[in-house]
Structure formats: C-alpha cells, structure tokens
Amino acid sequence: MPSSAAPATERGARARRNGQRDALAAGALDIAIVAASFGRLFYVRTPGRNAPDRVAVTRGKRTDLCVGDEVEIAPIGEDQAVIETLRPRRTLLQRSDRWRSKLLAANVDQIGVVIAGEPPFSEPLLLRVLIAAEAAGIAVALIVNKCDRSEATAAIRPRIDAYRALGYPVLEISAGPAPQETRAALHDWLSSRTTLLLGQSGMGKSTLVNTLVPDAELRTQAISQVLSSGKHTTTFSRLFDVPAEVADDARIIDTPGFQTFGLAHLSDSQRVHAMREFVPLLGQCRFYNCSHRDEPGCAIREAAQAGRIDELRYRLFTRLEADGD
Ligand code: ZN
C-alpha cells in the first residue's frame, strides 16, 4: 500500500515516530529512567548527569509504565519533561488478580525478598513472590532480616535452609541494630546491579532501605510533596542510586510492603515450571496433563510424600492453584 493511502492517524503516528528519532539523533530527546510513578505522573532521572529528577507526563496519558523503565524524554525547562517513548524492557515483574495487573518494576537484575522471624514471614506469600520472579526470569535471593532476634530466627531456620537447598542465595542481616554490618554483608551482592527489594509488611524493609540509602526518607518526602500536590500520599515505588560508600554502581528499587501477591497473569505451566524442584520430575507423572494434586501416579506428589522434595512447598503449591488467582 502506498504510504499516501495510509489513514491519516497512521501517517501522523509514523511522522511522530520519525520526528522522535530525528529529535533523539539531534540530541533533543534524552534517555531517562523512571524513578517513581504516581498515577499519571512520573519522576524521571537522566543517568550519568548530576541533574535533579524531572516530573514527567506521558504523551497520550499512557499509564503502563513502571519504575525502572527506560524512556526517551523531551525535557521542558529545568525540571519537567514529556515521556515520548518506552524502550524495550529486559525484565518485568508484575502481580495480578483476576481484574488487573500491577507492574512492579522493569529492567531489574535481581530481586531481594526481605523476610524475618518476628513477626514470622508468610511462606505462602514468599512462594508466590518466588514463582513470579522465576517466571519473569529474574534472579532472586532471600534477605533474612532481624537476625539479632535469635529465638525468632531459629524458629524459621528450617525453612530458610529449605530455600538455601533449592539454590536460593540467603543473606542474613540485622538492618536496625547493625547498619554497618548490614551494608558490608550486602556490598558485593548489590554492586553493579539494579535490585528490587520486596517484602510483606512488617519485615523491616524500610529500615533496610534507609540503611542502604541514608537520605531515602527525605527524598521520598520531596517526591511525595510534588507528585501528590497536597493530597495525602501513601506509598509508591522508588528507584534510588545507592551511595558509593555502600556499594559500587548500584541501584535499588523499593516497593510498598504487600499483604497479597496475585499470580493471575501466569499459566498453570508457568507456575509448575517456577517450582525448581518439580522441574526434574516433569514428564514422570502417569497422566500427561497431571495437575499434580490428586491424580494417581503423580510423580511430584509421591516425591513430596517420600520426602525427596520439600513437602511444605508442595502442599502450598497445591493450595495456590486451588485459590484460582
Ligand atoms: Zn503430577
């Protein structure tokens, strides 16, 4: 079809895309990273420049961007911008219920799930986070916080060991009482990477973030004031550059603590494949379409009953599917 026959809107879109490319080539567009998102307003940061974050809106009012996204922006003045283009994502972590999907972070290299013995972490919730991370192809480690509370930590020790045995790295810290040791323990793991920190409420994740980025709270308040324009702001995800004295070339993304973590965006097959210990057993069940719950001859259930794989994780997995989300 000759281009002149294309509908006007399509021609317009193409001209706009060409215009964006020209503008980028001419240096009018900057590459930036979404550092905070708040409905239709975003904070974007231009890497490598000692410039303050800009408040940005998207062209066309699209809202399907999240923290960590790489975008091309047209700067406006000193402190504002329009987001013109979303660049392809390397990774994307999301959670979802039956009605909507929430994009948690893009382009992260790894995830740290913060857990603790007091209050005791929820293993069903941990399992869900790990399944989402595995399905998204993102490396994940467990950060066991509040290790100074030795009795509470001892109580969860068998479960920590179960995850270590599955190959998940475990980092043990006490962010509140031992900030210096915490920074030292996480230095190598954080360096040269963008890390997403996740945790259910009460695990001490905010304390950990403030240990790694000492002015995190101040920066958050500043963003909150600008983005909410006077309204009360609860919490939102933020990307922080970690200071050089804490880790080398590191960024962290902090997300609000959660009480639920839906997996509606994943298929049954994706969930099964996200259970590391199941994978070697797949194909050994009597029925090819085995759901690994009640079917006779299920190799995975038999392995769990015989103690060859972790029985609790298997049981939580079967309930997870029954939940339907
Ligand atoms: Zn089976």
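For reference, positions follow the sequence shown, starting with 1. Reckoned from all heavy atoms, side chains included, excluding hydrogens, waters and symmetry mates. For ligands, and for the atoms within them, numbers begin at 1 and follow the listed sequence.
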Which residues pass the side-chain contact (heavy atoms from CB on, under 4.5 Å) test with Ala303, sequence neighbours left out? Leu281, Arg308, Ile309
How long is the span from the CZ atom in Arg95 to the CG atom in Leu104, to the nearest 0.5 Å? 5.5 Å
What donor-acceptor contacts under 3.5 angstrom involve side-chain atoms of residues 105-120, with partners at least two apart or in another chain?
| from | atom 1 | to | atom 2 | distance (Å) |
| --- | --- | --- | --- | --- |
| Asn107 | OD1 | Arg90 | N | 2.7 |
| Asn107 | ND2 | Gly68 | O | 2.9 |
| Asp109 | OD2 | Thr194 | N | 2.7 |
| Gln110 | OE1 | Trp189 | NE1 | 3.1 |
| Gln110 | NE2 | Trp189 | O | 2.8 |
| Gln110 | NE2 | Thr195 | OG1 | 2.8 |
| Glu118 | OE2 | Arg149 | NH1 | 3.1 |

Greater than 12 external heavy atoms within 6.0 Å of Glu151's CD: no
Looking at residues at least two apart in the chain, or sitting in another chain, which of them share a side chain to side chain donor-acceptor pair (under 3.5 Å) with Tyr168? Glu134, Arg276
Sort by chain and number the protein N/O/S atoms that are closer than 2.8 Å to the Zn ion (ligand 1), and list them. Cys285 SG, Cys290 SG, His292 ND1, Cys298 SG
Without hydrogens or angle criteria, can the side chains of Ser174 and Glu181 be said to hold a donor-acceptor pair below 3.5 Å? no
